Participant: 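Here's a structure for you.
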Amino acid sequence: MSPIITLDAARWEAPLAPAAAAAATRDLEAGNVLFLPQLKFALAAEEQRFLSPQWLARGAKNVSYDPRSSTLAHTSADGADREQLSAMIARYASHAQQLILNLCPHYGQHLKYGLTSFRPVETRGRETSRKKDDTRLHVDAFASRPNQGLRILRVFSNINPRNEPRVWEIGEPFDAMAGKFAARVPPQVPGSAWLLEKLGITKGRRSAYDHVMLNLHDKAKLDDGYQQATPRTHFEFPAQTTWLVFTDRVMHAALAGQFLLEQTFYLPVAAMQDERYAPLRILEQIYRRRLA
Ligand code: SIN
Ligand code: FE
């Protein structure tokens, strides 16, 4: 069965009937990508100029925005440019939140904003280490931002002006991947989580869950045999479309594409419609202990 489920929503703020919202939430939680081919993030005429890598700060790969503090980072823009770029990304953040609240009304005030990012660089052929290489299949886990089991839900919009798709691969189900790599995750060194936090390497304490997730991310990316042989679905998200996915559960890789907006949200496991789908719960079954 394809992990891509198409919805015909064409507006950011159109509520679904309760049964349709419950079905969309179930599909999302169960590890599918919800694809909205009719939902585009429209740029105003004067915003078209931001479709260029020139607005990135030197060495940065994304412009980032924090909707909680309304701060823009990793950009070379200043003055009026900076304000307009910031307003464009802020508008995306608010549309993305509205969208999730319509599709998954049940998440309500439990849904917390993470960062917004604008990715103006072509993904194909970008030089990075294997661990940072998002063209390799992985689940998301953040080395410096432990999340103690919170779910990572992301909304993506391809805003490419030349009609170029964002090319993804979706890998095997989380349970299958975790079953292969869990035994290879080394025990967390006692005191290491405390030290990482103390040294400012992590923002907050790395839980057993964070340790396992980071290892699953790294082990899968570093395993060339796995990357070559694991089954996958190839999918091209056309320009001017939107999709959302729990990227801590769904194995994904971005092979090509330029100009993307992305909004990250965090959701407590307890706020899910069915928490058995949470990586935290699946991993607790595998390891037979509490992880967060
Ligand atoms: C990723 O989350 O791995 C990358 C997604 C993208 O840039 O399309
Ligand atoms: Fe990722």
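Both ligands and their constituent atoms are indexed starting at 1 by order of listing. Fair warning: this is a prediction, and the values are worked out from it, not measured in the lab.
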Participant: Which ligand 1 atoms, with their elements, are less than 4.0 angstrom from a heavy-atom of Asp134?
Facilitator: 1 (C), 3 (O)
Participant: So, of the N/O/S atoms that Asp140 has, which is the nearest one to the Fe ion (ligand 2)?
Facilitator: OD1
Participant: Using the side chain to side chain contact (heavy atoms under 4.5 Å, CB included) rule, pick out the option among Gln227, Glu169, His217, Met251 that qualifies with Arg136.
Facilitator: Gln227
Participant: Does CG in Asp224 sit with more than 12 non-hydrogen atoms of other residues, nucleotides or ligands closer than 6.0 Å?
Facilitator: yes
Participant: Got a salt bridge between Glu29 and Arg26, using NZ or NE/NH1/NH2 to carboxylate O under 4.0 Å?
Facilitator: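 Salt bridge between Glu29 and Arg26, a charged N being under 4.0 Å from a carboxylate O: no.
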Participant: If you stand at the Fe ion (ligand 2) and look out to NE2 of His252 and NE2 of His138, what angle do those two lines make, to 10°?
Facilitator: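 Approximately 90° at the metal, rounded to tens of degrees.
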Participant: Assess whether side chain to side chain contact (heavy atoms under 4.5 Å, CB included) is satisfied between Tyr209 and Leu283, documenting all intermediate values.
Facilitator: CA-CA 8 Å; Tyr209 172 76; Leu283 292 169; 4.0 Å; yes
Participant: Does Arg276 have more than 12 heavy atoms from other residues, nucleotides or ligands lying within 6.0 Å of its CZ?
Facilitator: no
Participant: List ligand 1 atoms under 4.0 Å from Leu260, heavy atoms only on the residue side.
Facilitator: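 Here the atoms of ligand 1 in question are 6 (C), 7 (O), 8 (O).
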Participant: To the nearest 0.1 Å, how far is atom 8 (O) of ligand 1 from its closest protein heavy atom, and which atom is that?
Facilitator: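 Result for atom 8 (O) of ligand 1: Arg166 NE, 2.6 Å.
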Participant: Have a look at Arg119, His252, Lys61 and point out the one with the heavy atom closest to atom 5 (C) of ligand 1.
Facilitator: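 Answer by nearest heavy atom: Arg119.
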Participant: Does a donor on one side chain and an acceptor on the other come within less than 3.5 Å for His252 and Asp140?
Facilitator: yes
Participant: Taking only non-hydrogen atoms of Glu262, do any sit less than 4.0 angstrom from ligand 1?
Facilitator: no
